[in-house]
Student: 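Shown below is the structure under consideration.
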Number of protein chains: 2
Amino acid sequence: MSTLYGAVKHHVLSVIEDKSYGAGDKLPSESALVKKLGVSRMTVNRALRELTKEGHIIRRAGMGSFVASRRMRGSAADIISIRAELASRSEIWSASVLLREEVVPPVAVHEAFGSPSTATAFHVMILHEGNGLPIELEDRWVSTLIAPGMLAQDYSVLTTTEYLLAVAPLLRAEHVVRAVVPSEEQAALLNISPVTPCLEISRTTWTGDKVASFARLLYPGDRYELTAKFSNVGANARAE
Amino acid sequence: MSTLYGAVKHHVLSVIEDKSYGAGDKLPSESALVKKLGVSRMTVNRALRELTKEGHIIRRAGMGSFVASRRMRGSAADIISIRAELASRSEIWSASVLLREEVVPPVAVHEAFGSPSTATAFHVMILHEGNGLPIELEDRWVSTLIAPGMLAQDYSVLTTTEYLLAVAPLLRAEHVVRAVVPSEEQAALLNISPVTPCLEISRTTWTGDKVASFARLLYPGDRYELTAKFSNVGANARAE
DNA sequence: TGTTCAAACCTGTATATACAAGTTGAGGTA
DNA sequence: TACCTCAACTTGTATATACAGGTTTGAACA
């Protein structure tokens, strides 16, 4: 990172990973980092403050800074791509395309699309990783009418959500969230034990009155959680 | 707001709303705010930096600060009680109160409340049933300041959410959704097998700046799913 | 006229200093 | 022993100061 506080953030993150600080362990204090790294306390303070907001550490006045339990947080109130979510936590996104095809979809899917039963649809399966750790298994069907160029994209560079937002206005979305047990193949792909519960988000998006895309997103329950913030309408939006 | 930078954030937000700065309009510069509000530039800088991260404004070195295009506010989201949810599915609600006490809460809870570590809080555990089948295990902590009459209610007649809504305006709520495995006791109470994954919703509600209630709601994964509908998705992607 | 360059803004970062407030533990007192 | 107080630590906030770098504007110059 080009900034000093960025370097401090990176240092703390790598210390957490390399020296295997576990969740809840106490981290060096600000003044200790000042001495060790030779920067001012304000710089250390900003680095740790941002790490707190990103969910990596927990700080308590008088007690110290501690490693937070490692778990991703997604927001239900925003359709953002997994890449943006990872970026907000200073994690590096990578993805591998497991499947990319144009086939006749199962009944449930082509019914949702409202297309004739002989029509084909695009089908992709993509494994998303944050800092190399599997975090999302994406199984997506896309209408050929809405996004004809779908299969021409390289989804290890651009996420499907980013592409779809670019080619079509997504006017409406519906999420269904479930807790499920993964299949053996899914568990293997996500690199988790088959008894680890997973969050499954079924997301349907519309452009106009047509279904554009139907996705099933699977997240390891011990690495991902979903947040939603609501404020009452009418009242002034309170800061923070 | 108790902090100065928080007051600056609030001021900028209210200026955006009241004086109807439109998206893209140029906001007063840092030095202008310094003069107007009588605080240091570092304080203004921190306020504007946080507003940038929260997506309210966009800043460019050399040019200035600008109002960002509005992002989605939780529109179709309501704080709904389990009874209303079941009623909408024509199911009959019943509940049994498992625990009702006033004690010093564990660290994680009083941390959420932000109260001194010696203060007590109300604690209730309630099992909700739909058509006689366990559907929600509610483990709730409530601030004694917000709802002093909490323990006097009969929660097999009225839900906690209904009571809290009656005595205090719940201005803000945050939900964290996880997929978890239940403990043996939880599984027994919910009448499910211990390997059945559950949806766990941690709900924190605020009245004003104070946390009013902190609840952990556990749902059997095979009997409950969460839905959320959004419209006007991605009307404005956050640029760059 | 057209180009260049410097001044005057803007945000972004880094530092030293200061005080407030939460927590812990040592040591003294009743 | 039981309790209290204080010192020493922690994080959180606020300030003044400084410099780096982007952007715009306008004046001086060829």
Side-chain angles (χ1 to χ4, degrees), chain A residues 1-12 21 24-68 90 239-240, chain B residues 1-12 21 24-68 104-119 209-211 239-240:
Chain A
M1 294 216 193
S2 55
T3 62
L4 262 181
Y5 72 85
V8 175
K9 284 172 69 174
H10 188 269
H11 172 263
V12 173
Y21 276 65
D25 288 357
K26 188 174 186 191
L27 289 166
S29 72
E30 292 189 355
S31 58
L33 286 173
V34 165
K35 275 188 224 159
K36 177 169 187 180
L37 301 178
V39 298
S40 74
R41 185 168 92 85
M42 287 307 296
T43 301
V44 172
N45 182 270
R46 173 164 179 185
L48 296 184
R49 194 198 313 141
E50 295 200 354
L51 288 177
T52 302
K53 272 207 175 167
E54 290 165 10
H56 291 105
I57 66 176
I58 294 173
R59 319 190 71 203
R60 311 238 321 174
M63 296 184 66
S65 303
F66 307 86
V67 178
S90 325
E240 163 37 329
Chain B
M1 184 100 33
S2 54
T3 62
L4 264 181
Y5 72 85
V8 175
K9 284 172 69 174
H10 188 269
H11 172 264
V12 173
Y21 276 68
D25 288 359
K26 188 173 186 189
L27 289 165
S29 71
E30 292 189 356
S31 58
L33 286 172
V34 165
K35 274 188 224 158
K36 177 168 187 181
L37 302 178
V39 298
S40 73
R41 186 170 90 87
M42 287 306 297
T43 301
V44 172
N45 181 269
R46 173 165 180 183
L48 297 184
R49 194 199 313 144
E50 295 199 356
L51 288 177
T52 303
K53 271 210 174 167
E54 290 164 12
H56 292 104
I57 65 176
I58 295 174
R59 319 190 71 204
R60 316 240 324 183
M63 298 185 65
S65 302
F66 308 86
V67 178
V104 176
V107 180
V109 172
H110 90 68
E111 196 172 287
F113 276 117
S115 60
S117 51
T118 59
D209 298 352
K210 294 193 200 314
V211 170
E240 294 135 288

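Proteins get letters first, then strands, A, B, ... in listed order; numbering begins at 1 in each.
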Student: Among C:dT13, C:dC10, C:dT15, which nucleotide sits nearest the side chain of B:S31?
Tutor: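 When the side chain of B:S31 is considered, C:dC10 is the closest of C:dT13, C:dC10, C:dT15.
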Student: Do the non-hydrogen side-chain atoms of A:L51 and A:E54 ever get within less than 4.5 Å of each other?
Tutor: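 Yes, at least one pair of side-chain atoms sits under 4.5 Å.
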Student: Among D:dT11, C:dT13, D:dG21, find the nucleotide with the atom closest to the side chain of A:S65.
Tutor: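 Nearest to the side chain of A:S65 among the choices is D:dT11.
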Student: With a 4.0 Å cutoff (strictly under), does any side-chain N or O of A:Y5 reach OP1 or OP2 of C:dT13?
Tutor: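 For C:dT13, OP1 or OP2 has a side-chain N or O of A:Y5 closer than 4.0 Å.
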Student: Please pick, from D:dC19, C:dA16, D:dT11, the nucleotide with the shortest atom-to-atom distance to any side-chain atom of B:R41.
Tutor: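 Of the options given, the side chain of B:R41 lies nearest D:dC19.
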Student: Whole Å only: how far is the CG atom of A:N45 from the P atom of C:dT13?
Tutor: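 Going from CG in A:N45 over to P in C:dT13 covers 15 Å.
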Student: Of the candidate nucleotides D:dT13, C:dT11, D:dT15, which contains the atom at the shortest distance from the side chain of B:R59?
Tutor: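 Per side-chain heavy atoms of B:R59, the pick is C:dT11.
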Student: What distance separates A:K53 NZ from A:R49 CZ, expressed to the nearest 0.5 Å?
Tutor: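 Those atoms lie 8.0 Å apart.
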Student: Any side-chain heavy atom of A:I58 within less than 4.5 Å of one from A:M63?
Tutor: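 Of all side-chain heavy-atom pairs linking A:M63 with A:I58, none is under 4.5 Å.
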Student: Quick check: on DNA chain C, is the nucleotide nearest A:T43 upstream (toward 5') of the one nearest A:M63, or the reverse? Name the residue that is more 5'.
Tutor: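 Its nucleotide being nearer the 5' end, the pick is A:T43.
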Student: Among D:dT11, C:dT11, D:dT15, find the nucleotide with the atom closest to the side chain of B:S29.
Tutor: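 Selected nucleotide (nearest to the side chain): C:dT11.
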Student: Could you give the CZ-to-C1' distance, from B:R46 to D:dA16, as a whole number of Å?
Tutor: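 After rounding, the reported distance stands at 17 Å.
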Student: Measure the distance from CG on A:L48 to C1' on D:dT11 and round it to the nearest whole Å.
Tutor: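 So the two atoms are 10 Å apart, to the nearest Å.
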Student: Measure CG/A:L27 against C1'/D:dT11 and give the value in whole Å, please.
Tutor: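 That distance rounds to 13 Å.
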Student: What is the minimum heavy-atom distance between B:K26 and B:Y21, and which atoms define it?
Tutor: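 Taking B:K26 first and B:Y21 second, the nearest heavy atoms are O-CE2, 3.4 Å.
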Student: Give the rounded distance in Å between these two atoms: CZ of B:F66 and C1' of C:dT11.
Tutor: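 For the pair B:F66 CZ and C:dT11 C1', the rounded distance is 11 Å.
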Student: Could you state the NZ-P distance from B:K26 to D:dT24, rounded to the nearest angstrom?
Tutor: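 To the nearest whole Å, that distance equals 10 Å.
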Student: What is the distance from CD of A:E30 to C1' of C:dG22, rounded to the nearest Å?
Tutor: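 About 14 Å, once rounded to whole Å.
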Student: What integer distance in Å separates A:L33:CG from D:dT10:C1'?
Tutor: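 Interatomic distance, CG of A:L33 to C1' of D:dT10: 13 Å.
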Student: So do the side chains of A:H11 and A:L33 get within less than 4.5 Å of each other, counting heavy atoms only?
Tutor: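 A side-chain contact under 4.5 Å exists here.
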Student: I want to verify a distance call: between C:dT15, D:dG21, D:dG12, whose nearest atom is closest to the A:M42 side chain?
Tutor: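 So the side chain of A:M42 is nearest to C:dT15.
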